[in-house]
Amino acid sequence: MVLYLLTFTAELENLTNLQPRGGCDDPNFTYCFKLKCENCGEVSQKETYVTMSETVPIPNSRGTANLVQKCKLCGREGTIQMVPKHGEPLTLERSQKEEFAKLMVFDCRGFEPIEFSFGDGWVVESTSGTKFNADLSGDDFAEYDEKGECPVGISNVQAKFKVAKKQERYGKTTYI
Ligand SMILES: [Zn+2]
């Protein structure tokens with residue numbers, strides 16, 4: 001089992017708090033990425049979709065996971081389980097410092113998640129407080145904020161997976 005932390009950033013124009021529509025632990029937000037087999041190194045051709053509210057039973061086990069999949073090349077089975085409560089919205093301040101915000105932790109067996117794809121289902125607010133639903137499938141988002149009388153936009157979206165390090169501090173677990 002390896003824990004992977006998915007982090008993301010983007011250039012925000014007069015916007016802040018970019019996050020999944022129901023918050024970082026939105027049970028219906030879909031994460032889309034590819035899988036690399038830890039056994040043979042094969043990268044899945046099709047993208048995989050995982051959603052926290054959707055679980056499947058793990059064969060020969062009592063447990064469940066958000067994804068159970070077999071490698072097409074070597075047949076090795078792998079599972080992915082999402083670990084909520086570690087995400088945070090991308091603020092304007094973070095974006096300006098080109099820092100990445102934590103989005104989700106994935107507990108992976110047999111596969112390494114790679115190449116996250118941004119899709120629909122995001123929400124962001126303007127610096128004057130107007131909320132916008134954003135579809136980042138095309139990577140960019142541009143609108144006009146009537147209240148703040150300024151253009152707003154999201155561009156240069158980036159995401160990366162890295163092996164998460166568990167940190168216990170004051171009885172609280174965080175992943176860095
Ligand atoms: Zn394989």
Taking all atoms of both residues into account, what is the closest heavy-atom pair of [X] and [Y], and its distance?
{"X": "L15", "Y": "I154", "result": "CD1-CG1, 3.7 Å"}
{"X": "V68", "Y": "P59", "result": "CG1-CD, 3.8 Å"}
{"X": "L6", "Y": "A159", "result": "CD1-CB, 4.1 Å"}

Report the residues that fulfil side chain to side chain donor-acceptor pair (under 3.5 Å) with D26, sequence neighbours left out, ordered by chain and then residue number.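 Applying side chain to side chain donor-acceptor pair (under 3.5 Å) to D26 gives none.
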
Residues in side chain to side chain donor-acceptor pair (under 3.5 Å) contact with N39, at least two apart in sequence or another chain: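 With neighbours one apart ignored, the set is R76.
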
E98 atom CD, neighbour heavy-atom count above 12 within 6.0 Å: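 Open.
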
What do you reckon, is NZ of K34 surrounded by more than 12 foreign heavy atoms closer than 6.0 Å?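 Yes, NZ of K34 has more than 12 neighbouring heavy atoms, counting only those of other groups under 6.0 Å.
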
Distance from [X] atom [atom1] to [Y] atom [atom2], nearest 0.5 Å?
{"X": "C40", "Y": "K72", "atom1": "SG", "atom2": "NZ", "value": "12.0 Å"}
{"X": "I176", "Y": "K165", "atom1": "CD1", "atom2": "NZ", "value": "5.5 Å"}
{"X": "K166", "Y": "T173", "atom1": "NZ", "atom2": "OG1", "value": "5.5 Å"}
{"X": "F111", "Y": "E38", "atom1": "CZ", "atom2": "CD", "value": "9.0 Å"}
{"X": "D145", "Y": "E125", "atom1": "CG", "atom2": "CD", "value": "11.0 Å"}

Side-chain heavy atoms of [X] within contact of [Y], under 4.5 Å:
{"X": "E112", "Y": "F161", "answer": "no"}
{"X": "N133", "Y": "R21", "answer": "yes"}
{"X": "T48", "Y": "Q69", "answer": "yes"}
{"X": "F141", "Y": "E143", "answer": "yes"}
{"X": "Q19", "Y": "V123", "answer": "yes"}
{"X": "V152", "Y": "E13", "answer": "no"}

Taking [Y]'s backbone N and O only, do any of them form a donor-acceptor pair with [X]'s side chain (distance below 3.5 Å, no angle check)?
{"X": "S61", "Y": "G63", "value": "yes"}
{"X": "S95", "Y": "A10", "value": "yes"}
{"X": "N17", "Y": "T91", "value": "no"}
{"X": "D25", "Y": "P84", "value": "no"}
{"X": "S44", "Y": "L35", "value": "yes"}

Distance alone, cut at 3.5 Å: any donor-acceptor contact between the side chains of [X] and [Y]?
{"X": "S137", "Y": "D120", "answer": "no"}
{"X": "S126", "Y": "S128", "answer": "yes"}
{"X": "T9", "Y": "Q158", "answer": "no"}
{"X": "D140", "Y": "S155", "answer": "no"}

Under 4.5 Å between side-chain heavy atoms, hopping through other hydrophobics if needed: is there a path connecting [X] to [Y]?
{"X": "M52", "Y": "V50", "answer": "yes"}
{"X": "I114", "Y": "I80", "answer": "no"}
{"X": "M104", "Y": "V2", "answer": "yes"}
{"X": "L90", "Y": "F132", "answer": "yes"}
{"X": "F118", "Y": "M82", "answer": "yes"}

Given side-chain hydrogen bond (donor to acceptor under 3.5 Å, both in side chains), test N66 with T55 step by step and report yes or no. CA-CA 4 Å; N66 297 110; T55 54; 5.9 Å; no

Would you please name every residue forming a ring pair (Phe, Tyr, Trp, His ring centres under 6.0 Å) with F8, sequence neighbours left out?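 So F8 forms a ring pair (Phe, Tyr, Trp, His ring centres under 6.0 Å) with W122.
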
Going by the rule ring pair (Phe, Tyr, Trp, His ring centres under 6.0 Å), which residues pair with Y31 if we only count those two or more places apart in sequence or in a different chain?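 Scan of Y31 (ring pair (Phe, Tyr, Trp, His ring centres under 6.0 Å), adjacent residues dropped) gives F29, F106.
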
Compute both the distance and the angle, then confirm whether K162 meets the cation-pi test with Y4: under 6.0 Å from the six-membered ring centre, within 45 degrees of the axis.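 So K162 doesn't make the cation-pi contact.
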
Using a 4.5 Å cut-off between side-chain heavy atoms of Ile, Leu, Val, Met, Phe, Trp and Tyr, which other residues end up in the same hydrophobic cluster as V83?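 Members besides V83, by chain and number: M1, L3, L5, V105, Y175.
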
Walk me through it: do F100 and K160 pass the test side-chain contact (heavy atoms from CB on, under 4.5 Å)? CA-CA 9 Å; F100 282 71; K160 60 185 178 193; 3.8 Å; yes

What do the steps show when you test N14 against T127 for side-chain hydrogen bond (donor to acceptor under 3.5 Å, both in side chains), and what is the final call? CA-CA 6 Å; N14 300 316; T127 39; 4.6 Å; no

Salt-bridge criterion met for R94 and E88 (N-O under 4.0 Å):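 Salt bridge flag = yes for E88 with R94.
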
Please walk me through it: do E93 and K97 pass salt bridge (charged side-chain N to carboxylate O under 4.0 Å, His left out)? CA-CA 6 Å; E93 195 187 1; K97 286 191 209 156; 3.8 Å; yes

Near-ring test Y49/F33, centroid separation under 6.0 angstrom: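 No.
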
Applying salt bridge (Lys or Arg N to Asp or Glu O under 4.0 Å) as the test, list every pair that has at least one member in residues 42-70; sequence neighbours left out.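 Non-adjacent pairs meeting salt bridge (Lys or Arg N to Asp or Glu O under 4.0 Å): zero.
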
